[in-house]
Amino acid sequence: MAEIIDGRELAKQVNAQTSQRIKRLAQRGVQPGIADILVGNDPASRIYSRTKRRNAEKMGIKFMIAQFPENATEEELLKTIEQFNRDDTINAILVQAPLPDHLDQTHLINAIDPRKDVDGFHPVNVGKLYNKQAGNYPVACTPRGIMKMLEHYNVDLPGKNVVIVGRSILVGRPLQALMINANATVTIAGRHTQHLSDLTRSADILVVAAGHPQMIGAEDVKPGAVVIDVGINRNAKGKLVGDVDFDAVRPLARLITPVPGGVGPMTVASMLSQSVDLAEWKINGEE
Ligand code: NAD
């Protein structure tokens, strides 16, 4: 029976460390500041923004939400990003997805100063990650949180067979790079992948981020595997479930994340901690 990876508890520990670092920054007269750009009325995005703000403000991070109507133009958003790029009280800029169809997320992300790119999506930061460049740069927060969980639960990565289902810029791709950098052997699957079950059954560490409720069952998992479930879905009964059938897989896995209470809390904790990294790197001249 798998041990459950407690994302809520670990996020609390990360947040406690982040709070200490914020206090030390305050002694040097610095307060980290996050600007969150939100377009339209997507209910999940609004809730997510409010959660981030509540957590950030509790720790002493300045958090401002720049709310735009659904019909906001790219020009207006680019102007706002430019203002935040120049604003010394803001050291972290987020563009909340999903955006309305008429807006190109890439244009907006590319306009963010890479030193304020707390989501780690800017091509400069993505390139540094893929090249395993030395020095400091932000990394996508969900993969960062997953790596922290694996480290905390002493999951050994060098030489291990890692299979990632889902290859978005948010999760699969940056996680693939982090895993390669940690000397794992990585396979990444997408919608076109054939014989997915054969692949997932070969994984020592299986990460699922496809957005399909409970698509991974016991027959898709190798006994003793570590299973990280990134998916957040509502099932037919309206209950929050992951991409993994938790009850079916738990008996044969070694470690497993629940949904909710697994990857989700670590994503927010990683974003907050990374916003403090950005502030520290700036005042230490380590960007
Ligand atoms: P996305 O839609 O951008 O990407 C999904 C990926 O899964 C794509 O690469 C697609 O090719 C692949 N895919 C889809 N169906 C597949 C299938 N049947 N077999 C193999 N691959 C398949 O989604 P995303 O933004 O990466 O999010 C994925 C899921 O993770 C969603 O449920 C989302 O809500 C969740 N999510 C959770 C967190 C968190 O903090 N817990 C963070 C980000 C995303």
Side-chain angles (χ1 to χ4, degrees), residues 4-8 10-11 14-15 36 42-52 55 94-99 101 104-106 109 118-121 126 138-150 162-179 186-203 206-217 219-221 227-236 238-246 256-274:
I4 294 178
I5 296 181
D6 189 343
R8 284 201 185 103
L10 187 54
V14 172
N15 287 341
D36 191 13
D42 179 59
S45 295
R46 291 173 80 106
I47 294 170
Y48 187 43
S49 270
R50 280 206 300 270
T51 308
K52 285 187 285 191
N55 282 289
L94 295 158
V95 178
Q96 181 65 54
L99 291 167
D101 289 344
D104 185 335
Q105 192 191 15
T106 311
I109 287 169
V118 70
D119 268 336
F121 294 159
V126 173
V139 172
C141 299
T142 301
R144 184 178 150 139
I146 291 171
M147 296 305 278
K148 180 86 192 166
M149 289 198 293
L150 295 175
V162 175
V163 174
I164 304 169
V165 183
R167 45 182 210 175
S168 70
I169 64 157
L170 203 67
V171 188
R173 285 167 197 262
L175 183 63
Q176 175 196 29
L178 286 168
M179 289 289 187
V186 190
T187 310
I188 185 158
R191 221 167 253 127
H192 302 279
T193 300
Q194 294 176 358
H195 312 299
L196 183 67
S197 187
D198 291 345
L199 206 58
T200 57
R201 246 184 297 126
S202 72
L206 174 62
V207 183
V208 194
H212 285 295
Q214 300 177 319
M215 67 179 274
I216 298 291
E219 66 286 6
D220 305 312
V221 175
V227 180
I228 306 292
D229 188 357
V230 184
I232 303 176
N233 317 282
R234 294 230 175 249
N235 70 8
K239 188 178 167 235
L240 215 56
V241 295
D243 288 358
V244 175
D245 184 342
F246 181 86
I256 188 167
T257 59
V259 177
V263 175
M266 282 303 291
T267 295
V268 181
S270 298
M271 189 279 289
L272 295 169
S273 143
Q274 188 147 262

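Numbers for residues simply follow the sequence, beginning at 1. Counting convention: from 1, in listed order, for ligands and their atoms alike.
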Original post:
Quick check: does any side chain N or O of T142 sit under 3.5 Å from a backbone N or O of T267, one acting as donor and the other as acceptor?
Top reply: no
Original post:
What do the steps show when you test H212 against N233 for side-chain contact (heavy atoms from CB on, under 4.5 Å), and what is the final call?
Top reply: CA-CA 7 Å; H212 285 295; N233 317 282; 5.8 Å; no
Every pair of nitrogen or oxygen atoms between ligand 1 and the protein that is under 3.5 angstrom apart - can you list them with their distances to 0.1 Å?
from: ligand 1; atom 1: 9 (O); to: R167; atom 2: N; distance (Å): 2.9
from: ligand 1; atom 1: 11 (O); to: R191; atom 2: N; distance (Å): 3.1
from: ligand 1; atom 1: 15 (N); to: H212; atom 2: NE2; distance (Å): 3.1
from: ligand 1; atom 1: 21 (N); to: G190; atom 2: O; distance (Å): 3.3
from: ligand 1; atom 1: 21 (N); to: R191; atom 2: N; distance (Å): 3.4
from: ligand 1; atom 1: 26 (O); to: S168; atom 2: OG; distance (Å): 2.5
from: ligand 1; atom 1: 32 (O); to: I232; atom 2: N; distance (Å): 3.1
from: ligand 1; atom 1: 32 (O); to: I232; atom 2: O; distance (Å): 3.4
from: ligand 1; atom 1: 40 (O); to: T267; atom 2: OG1; distance (Å): 2.7
from: ligand 1; atom 1: 41 (N); to: V230; atom 2: O; distance (Å): 3.4

Original post:
Heavy atoms, side chains only, cut-off 4.5 Å: are Q194 and L199 in contact?
Top reply: no
Subject >> Which residues share a salt bridge (Lys or Arg N to Asp or Glu O under 4.0 Å) with R201, sequence neighbours left out >> reply: D198
Original post:
Any side-chain heavy atom of F246 within less than 4.5 Å of one from I4?
Top reply: yes
Original post:
Between the main-chain N or O of A210 and the side-chain N or O of D243, is there a donor-acceptor pair closer than 3.5 Å?
Top reply: yes
